[in-house]
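Report on one structure; see the data block that follows.
Note that ligands are numbered from 1 as they come in the structure, with each ligand's atoms numbered from 1 the same way. Sequence positions, counted from 1, serve as the residue numbers for this chain. For clarity, every value in this text was computed on a predicted model and none was experimentally measured.
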Amino acid sequence: MLSAWARTVRGGRALERSMSSIVELPKIQDFGVENEPVLEYRQGSKERAALVQELQQTAAVTEEVPIVIGGKNIKEGEPRYQVMPHDHSKKIAKFYYASEKTIQKAIKVSVDAQERWDRSPLQERVRIWQTAAELMAGAYRQKLNAATMLGQSKSVVQAEIDSAAELIDFFRFNVYFLKENAKYQPISENPSVTRNSLRFRGIDGFIAAISPFNFTAIGGNLAYTPALMGNGVVWKPSDTALLSNWRIFNIMREAGMPDGVVNFVPADGPTFGRVITTSPNLAGINFTGSVPTFNWLWNEVGKNLKHYHNYPRLIGECGGKNYHFVHPSADVQTVVNATIRSAFEYCGQKCSACSRIYVPKSLADAIKHGLLVERAKLKIGDPTDFKIFSAAVIDDKAFDRITGYIKNAKNNSKNTIIGGGEFDNSKGYFVQPTIIETSDPHDKLMTEEIFGPVLAMYVYDDCDVDKTMALIGSSTKFALTGAVFSKDKNFLQKALQELKMTAGNFYLNDKSTGSVVGQQPFGGGRMSGTNDKAGGPGYVMRWTSPQSIKETFVPLTDIDYPYMRD
Ligand SMILES: NC(=O)c1ccc[n+]([C@@H]2O[C@H](COP(=O)([O-])OP(=O)(O)OC[C@H]3O[C@@H](n4cnc5c(N)ncnc54)[C@H](O)[C@@H]3O)[C@@H](O)[C@H]2O)c1
Ligand SMILES: N[C@@H](CCC=O)C(=O)O
């Protein structure tokens, strides 16, 4: 007969049962999940009328945006303004930078709130997330879109796929993924003797969510997915996405989010970075933005390691030098249309935007002609004009950086501007979609992230397909998105192997942008980030510190092993 000890180690038949389980498995209502439909905004549609009205209302005021810590509004220091990038004389939001002391206060409030919040039933959190998703899809859809169009200079469709569809999808899908992940429970060989379970806990401390300007949805995901998993969060939104991010924060409050769990803390980037990385309570950084900023944060964490209670989780989704590689067998029209969209939608300010294209000599004339014809048709202007293709770049710094590349190209004999090249910042930060052909595949136009409407093109000899394909991975450290265009299945097979490490999101005969939550989980490798795949099932798991629990229901009656008594 097995001893009680052995029975609890390996299971076995229970002779007596003194207790039952006290661990409750998460109860989360089952529901299906679908992507939020992208509305069309046709002339005469209800959604268009509602959006126009909301654009007028949003443009008519400069909204006050406070710092919010533990539910309390704080306004301190000199006021700052978020302006409309396409008309920088217009202020859309007035906000304040949190001081070091205020950031420290936000950390304390988040750490205190975490303990209570982590004890709240998962089902209650799920209810809040679902309510928020409904509010975003309904009553507040156009408020979110208007703030994104005016504040971040997005066209109607670019706002709709971001601040409506993607944001709503993040809220619905992360709940779905949480539920799916919670289905796994460890083996209990004989549950009346011992029962094993796994529960999700938040991480002991606080999570700093640091979001970029270019996607409203990313701000919502970075701040609220750690919160869904039981964490306290200090959210630093980007100065240039402030109003749309503020609207998300308020929707969450209306949906029932308790005060103090997520704290809204606009701040100077380096000040915020210094304060969070020197706090012993730092449990994680959820960052999306540029490589230099993430590298700086990672270094600071390294320097401070001995002060922390945890190893902070570092999630950073960073920049790219995304490519379109065209094989001689490619369909020219597909290449042209996909490239125009990928390179120039939202002024090339998607991290996934194509900014280098490799074209075989045999197709070069046709592709250049197609790109130039389509480029000339693009209307660039005020995003409230429903006919525009794209609007202004985000701010003066972006304008100077992008036009710096264009000016440089004008003075470099290896580079020829074949389309665009004009810019004007007198009213808004406008840069015309620009195509530059270079004879040097290592030129900085082909290797550095420009993050603007500038497409670099390199024409290769058809016989050099393999050699040119090898340049994709060897000429930059980025590996975010990439696309290959070919009608030759054997070549596509080869590209799948040869280019495996060059992109976290890889497209065959499609543009390098436009990933959808739940369809193409997003993120890059190499220096493009930690590739934690936002919009995929593993992302929620990065924000939990799971606990394994073993419960034993029979008394432990002896210490010896049976063989000792033989
Ligand atoms: N891989 C992805 O999923 C993804 C998605 C969107 C954007 N991006 C990348 O983001 C970049 C564009 O966004 P951006 O211009 O807002 O990036 P950024 O790095 O300038 O800023 C990102 C955030 O970091 C803050 N910040 C700046 N310095 C800081 C510091 N020292 N400590 C702490 N926070 C600091 C900023 O204020 C902002 O909130 C591009 O490189 C783009 O490719 C990547
Ligand atoms: N998910 C978006 C990119 C987000 C980064 O900016 C896309 O795939 O285009």
Side-chain angles (χ1 to χ4, degrees), residues 97 103 152 154 158 161-162 165-167 169-170 208-219 221-223 234-242 245 265-278 285-301 315-322 341-343 345-355 393-395 397-398 401-402 448-452 478-483 503-507 510-517 519-536 539:
Y97 270 172
I103 301 167
Q152 289 138 266
K154 289 205 172 188
Q158 293 304 316
I161 59 168
D162 167 17
E166 184 163 321
L167 179 67
D169 283 349
F170 274 137
I210 306 176
S211 51
F213 77 84
N214 70 334
F215 268 74
T216 301
I218 293 178
N221 189 41
L222 295 196
V234 181
W235 178 15
K236 194 207 93 52
S238 165
D239 295 1
T240 42
L242 210 77
N245 287 199
V265 187
D268 166 60
T271 307
F272 185 84
R274 244 186 340 268
V275 177
I276 56 141
T277 52
T278 49
I285 299 180
N286 200 8
F287 174 81
T288 297
S290 62
V291 169
T293 310
F294 191 51
N295 286 353
W296 185 86
L297 287 163
W298 192 292
N299 272 320
E300 292 305 300
V301 168
I315 279 90
E317 304 306 336
C318 303
K321 187 67 190 173
N322 312 300
R341 278 195 164 179
S342 178
E345 277 182 335
Y346 192 38
C347 299
Q349 297 175 115
K350 297 186 189 188
C351 57
S352 51
C354 170
S355 70
V393 301
I394 194 71
D395 60 12
K397 287 197 256 358
R401 186 190 62 244
I402 299 160
E448 294 177 10
E449 184 180 47
I450 302 172
F451 218 55
F478 295 109
L480 188 50
T481 75
N505 281 55
F506 190 54
Y507 296 86
D510 208 333
K511 64 185 168 50
S512 63
T513 53
S515 66
V516 174
V517 171
Q519 296 191 28
Q520 295 90 22
F522 192 78
R526 295 187 173 162
M527 296 314 283
S528 286
T530 51
N531 198 13
D532 286 287
K533 288 285 182 261
Y539 189 74

Inset, instruction - Give a yes or no on whether the backbone of Thr513 and the side-chain of Lys511 come within a donor-acceptor separation of less than 3.5 Å. - result: yes
Inset, instruction - Compare every heavy atom of Gly319 with every heavy atom of Phe478, then report the nearest pair and how far apart it is. - result: CD2-O, 3.4 Å
Legend entry - Qualifying residue, where the test is side-chain contact (heavy atoms from CB on, under 4.5 Å) with Val301 and the options are Ile285, Thr278, Ile276: Ile285
Inset, instruction - May I ask you to check if ligand 1 and Cys318 share an N or O to N or O distance below 3.5 Å? - result: yes
Inset, instruction - Would you mind listing which atoms of ligand 1 come within a distance below 4.0 Å of any non-hydrogen atom of Ser238? - result: 39 (O)
Legend entry - Expected output: side-chain Asn505 to main-chain Pro521 donor-acceptor under 3.5 Å: yes
Inset, instruction - Identify which of Gly219, Pro292, Gly289, Ala398 has a heavy atom lying nearest to atom 10 (O) of ligand 1. - result: Gly289
Inset, instruction - Name the option, out of Ala208, Ala534, Gly269, that contains the heavy atom nearest to atom 32 (N) of ligand 1. - result: Gly269
Legend entry - Polar atom proximity, Thr288 to ligand 1 (N or O, under 3.5 Å): no
Inset, instruction - Distance to 0.1 Å, residue and atom name: give those for the protein heavy atom nearest to atom 12 (C) of ligand 1. - result: Phe451 CE2, 3.4 Å
Inset, instruction - Say whether Phe522 and ligand 1 are in contact under the criterion: heavy-atom distance to a ligand atom below 4.0 Å. - result: yes
Inset, instruction - Tell me yes or no: between the side chains of Tyr97 and Asp239, is some donor less than 3.5 Å from an acceptor? - result: yes
Inset, instruction - Could you list which atoms of ligand 1 come closer than 4.0 Å to a heavy atom of Glu317? - result: 1 (N), 2 (C), 3 (O), 4 (C), 44 (C)
Legend entry - Polar proximity ligand 2 side, Ile218 side, N/O cut 3.5 Å exclusive: no
Legend entry - Close-contact set for ligand 1 against Pro270 heavy atoms, below 4.0 Å: 29 (C), 30 (C), 31 (N)
Inset, instruction - Look at atom 2 (C) of ligand 2 and say which protein heavy atom is nearest, naming residue and atom and giving the distance to 0.1 Å. - result: Ser515 OG, 3.8 Å
Inset, instruction - Might you point out which heavy atoms bring Tyr539 and Asp532 nearest each other, and give the distance in Å? - result: CD1-O, 3.6 Å
Inset, instruction - Could you tell me whether some N/O pair between Lys350 and ligand 2 is separated by less than 3.5 angstrom? - result: no
Inset, instruction - Give yes if a backbone or side-chain nitrogen or oxygen of Cys351 is under 3.5 Å from a nitrogen or oxygen of ligand 2, and no if not. - result: yes
Inset, instruction - Could you tell me the residue and atom name of the protein heavy atom closest to atom 8 (N) of ligand 1, and the distance to it rounded to 0.1 Å? - result: Cys351 CB, 3.5 Å
Legend entry - Phe287 and Phe294 aromatic ring geometry - parallel, tilted or perpendicular at 30°/60° bounds: parallel
Inset, instruction - Return yes when Phe215 approaches ligand 1 closer than 4.0 angstrom through a heavy atom, no otherwise. - result: no
Legend entry - Closest protein heavy atom to atom 14 (P) of ligand 1, given as residue, atom name and distance to 0.1 Å: Phe213 CD2, 3.9 Å
Inset, instruction - Give yes or no for whether the N/O distance cutoff of 3.5 Å, strictly under, is met between Gln349 and ligand 2. - result: no
Inset, instruction - Report the nearest protein non-hydrogen atom to atom 24 (O) of ligand 1: residue, atom name, distance rounded to 0.1 Å. - result: Ile210 CG2, 3.3 Å
Legend entry - Which of the ligand 1 atoms, numbered from 1, are nearer than 4.0 Å to a heavy atom of Ile218: 5 (C), 6 (C)
Inset, instruction - State the atoms of ligand 1, each with its element, that fall below the 4.0 Å cut-off from a heavy-atom position in Lys236. - result: 25 (C), 36 (C), 37 (O), 39 (O)
Inset, instruction - Kindly confirm or rule out an N or O of Ser528 lying under 3.5 angstrom from an N or O of ligand 1. - result: no
Inset, instruction - Could you check if a side-chain atom of Ile103 sits within less than 4.5 angstrom of a side-chain atom of Val265, using non-hydrogen atoms only? - result: yes
Inset, instruction - Starting from atom 13 (O) of ligand 1, locate the nearest protein heavy atom and write down its residue, its atom name and how far away it is, to 0.1 Å. - result: Pro212 CB, 3.6 Å
Inset, instruction - May I ask you to list the atoms of ligand 1 that are less than 4.0 angstrom from any heavy atom of Gly273? - result: 32 (N), 33 (C)
Legend entry - Of the listed options Glu449, Arg274, Lys533, closest to atom 40 (C) of ligand 1 (non-hydrogen atoms): Glu449
Inset, instruction - Specify the protein heavy atom at minimum distance from atom 27 (C) of ligand 1: its residue, its atom name, and the distance to 0.1 Å. - result: Thr293 CG2, 3.6 Å
Inset, instruction - Could you tell me the residue and atom name of the protein heavy atom closest to atom 23 (C) of ligand 1, and the distance to it rounded to 0.1 Å? - result: Ser211 O, 3.5 Å
Legend entry - Proximal atoms of ligand 1 relative to Gly319 (non-hydrogen, under 4.0 Å): 41 (O), 43 (O)
Inset, instruction - Answer with side chain, backbone, both or neither: which part of Asn214 has a heavy atom less than 4.0 angstrom from an atom of ligand 2? - result: side chain
Legend entry - Polar proximity ligand 1 side, Asn214 side, N/O cut 3.5 Å exclusive: no
Inset, instruction - Among all protein heavy atoms, pick the one closest to atom 17 (O) of ligand 1 and tell me residue, atom and distance. - result: Ser290 N, 3.5 Å
Inset, instruction - Check whether any heavy atom of Phe287 sits under 4.0 Å from an atom of ligand 1. - result: yes
Inset, instruction - Would you indicate whether Arg341, at its atom CZ, is surrounded by more than 12 heavy atoms from other residues, nucleotides or ligands within a distance under 6.0 Å? - result: no
